[in-house]
Amino acid sequence: MKLSKFGEKLTSHSGILSLMDDLGNALADNDHMIMMGGGNPAHIPEVEDVFKQRLRRITESQSEFTRFIGTYDPPGGDQSFCRELAAMLRRRFGWKLTERNICLTQGSQTAFFMLFNMLAGENAQGEKRVIQLPLAPEYIGYSDTGITEGLFAAARPDIKEIDTHTFKYHVNFNTLTVNDNTAAFCVSRPTNPTGNVLTDQEIETLDSLARQHNIPLIIDGAYGLPFPELVFTEATPHWDEHVILCLSLSKMGLPALRTGIVVASEEVITAMSAISAITSLAPNSAGALMVSDMIRDDSIISLSQNVIRPWYEERMAFARNELHQQLGNLPWAMHKPEGAMFLWLWFKDLPVSSLELYEKLKQRGVLVVSGHYFFPGMQDDWPHKNECLRVTYTRDPAVVKQGIAIIAEEVRKLYQG
Ligand code: PLP
């Protein structure tokens, strides 16, 4: 097969592909693997019941059933859903928007693919522009979305030590690049992989820099605000005309329905709908219809706050506690777990690379993710990049305990030489 540049770029061995392959192969090789590597949402019975009931009502109504599986929506997605969501966002947060500020995509991953390539890369004048990631580590899923090379740039964060075993990354505004070549800022909030939640102050400063330079600030709220609200700290939802807020129904428990939601200026929404028409005709209708009632009566927010968030927070607290007990006084630290579904562990001056540690753990039947994947756009040869692991804590507590015990055993052996 002879490939175009586009074909070569998207089929070459990308970080996310090798990671997903490795996770899949490890699982296929060994049913007893302790899976602490993936990003699947938890299957919370109370949440599943809500969706089961809704699904029953949809199948009992001929008109809803037809909308569910039998009709193409417009390229920007179900307009009545967009209208309801705009009304909810106005009602709850006072954001000045209408349905023309909202479109749906096939999962938010697709929205990022469209946005990054629409805004960055080479323009008609031959100028090359990049997406600046103000806070690294950042979501690995961004790194290979560019149809051209070098779409991302990132610099080292500030590291604030909170106590012996806890730290937090902050945006380093002294080294943050923003110039004529900057196409947009993009931050995930909460951040995958670290569970960091950028402070309101950081978001405000990024917002005013973006406004000053007339570029968009993309906020990836896949785990965040206002739903599914996997946020365990104070943080305010943020949107403005030059903010592109990307939401998703995946971490609510609906990843298979592939529904991403973009809230942005009318100009951005019109452009994205045009791309959607070409690449997929229309987005999936099922996700929007599943949650439309919950948007209308705000119960998407109460379910997030009263059921989903507490469930994750409890699992996080259990795993954090176990780590403290098992790792004790080894030279380790954890990013302050402020959200999402991961703990980010830093093993200072680790005698091997995080990838080697990952391999050792895989041999022992524990699957985590090596931290080195999560620095898209950072060329800097920073040792920290090879000293971290991402650990998913959503499994059964007994399994998480067992996994953490093995991690601690292997790490102790390494430090003891
Ligand atoms: N953004 C972040 C930070 C993620 O972790 C993910 C998936 O795990 C996505 C976006 C994409 O999610 P989806 O395409 O399911 O909406």
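Both ligands and their constituent atoms are indexed starting at 1 by order of listing. These figures come from a predicted structure and were not determined experimentally.
- Shown are Val262, Leu217, Val263; of these, the side-chain contact (heavy atoms from CB on, under 4.5 Å) with Ile244 is made only by Val262.
- Of all atoms in ligand 1, numbered sequentially from 1 with element shown, those under 4.0 Å from a heavy atom of Tyr223 are 2 (C), 3 (C), 4 (C), 5 (O), 8 (O).
- For atom 9 (C) of ligand 1, the closest non-hydrogen atom on the protein side is Tyr139 OH, 3.5 Å.
- For Pro75 against Pro283, the heavy-atom pair with the smallest separation is O-CD, 3.3 Å.
- Atom numbering of ligand 1 starts at 1 in the shown order; those under 4.0 Å from a heavy atom of Arg258 are 13 (P), 14 (O), 15 (O).
- Of all protein heavy atoms, the one lying nearest to atom 3 (C) of ligand 1 is Asp220 OD2, 3.3 Å.
- In terms of polar-atom proximity, defined here as any N/O pair under 3.5 Å, Asn192 does make such a contact with ligand 1.
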* Can His384 and Phe347 be said to form a ring-ring contact (aromatic ring centres under 6.0 Å, His included), step by step? -> CA-CA 9 Å; His384 187 76; Phe347 298 107; over 10 Å; no

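- By the 4.0 Å heavy-atom criterion, Lys251 is counted among the residues contacting ligand 1.
- Near Gly107, with a cut-off below 4.0 Å to any heavy atom, the atoms of ligand 1 are 14 (O), 16 (O).
- For Tyr139, the ring pair (Phe, Tyr, Trp, His ring centres under 6.0 Å) partners two or more places apart in sequence, or in a different chain, are Tyr142.
- Of the polar atoms of Ser108, at least one N or O is found under 3.5 Å from an N or O of ligand 1, judged by distance alone.
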* Asked: Phe116 and Phe152: ring-ring contact (aromatic ring centres under 6.0 Å, His included), yes or no, with the steps?
  -> CA-CA 9 Å; Phe116 294 153; Phe152 299 95; 5.1 Å; yes

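- Ligand-side atoms of ligand 1 in range of Ser248: 13 (P), 16 (O), range being under 4.0 angstrom from any heavy atom.
- Under the 6.0 Å distance and 45° angle rule, Arg390 counts as a cation-pi partner of Phe342.
- Atoms of ligand 1 found under 4.0 Å from any heavy atom of Ala222, numbered from 1 in the order shown, are 1 (N), 2 (C), 10 (C).
- Numbered from 1 in the order shown, with element, the atoms of ligand 1 that lie under 4.0 Å from a heavy atom of Ser250 read 13 (P), 15 (O), 16 (O).
- If you check the side chains of Asn196 and Lys168, you find a donor sitting under 3.5 Å from an acceptor.
- Centroid-to-centroid, the aromatic rings of Phe167 and Trp346 come within less than 6.0 Å.
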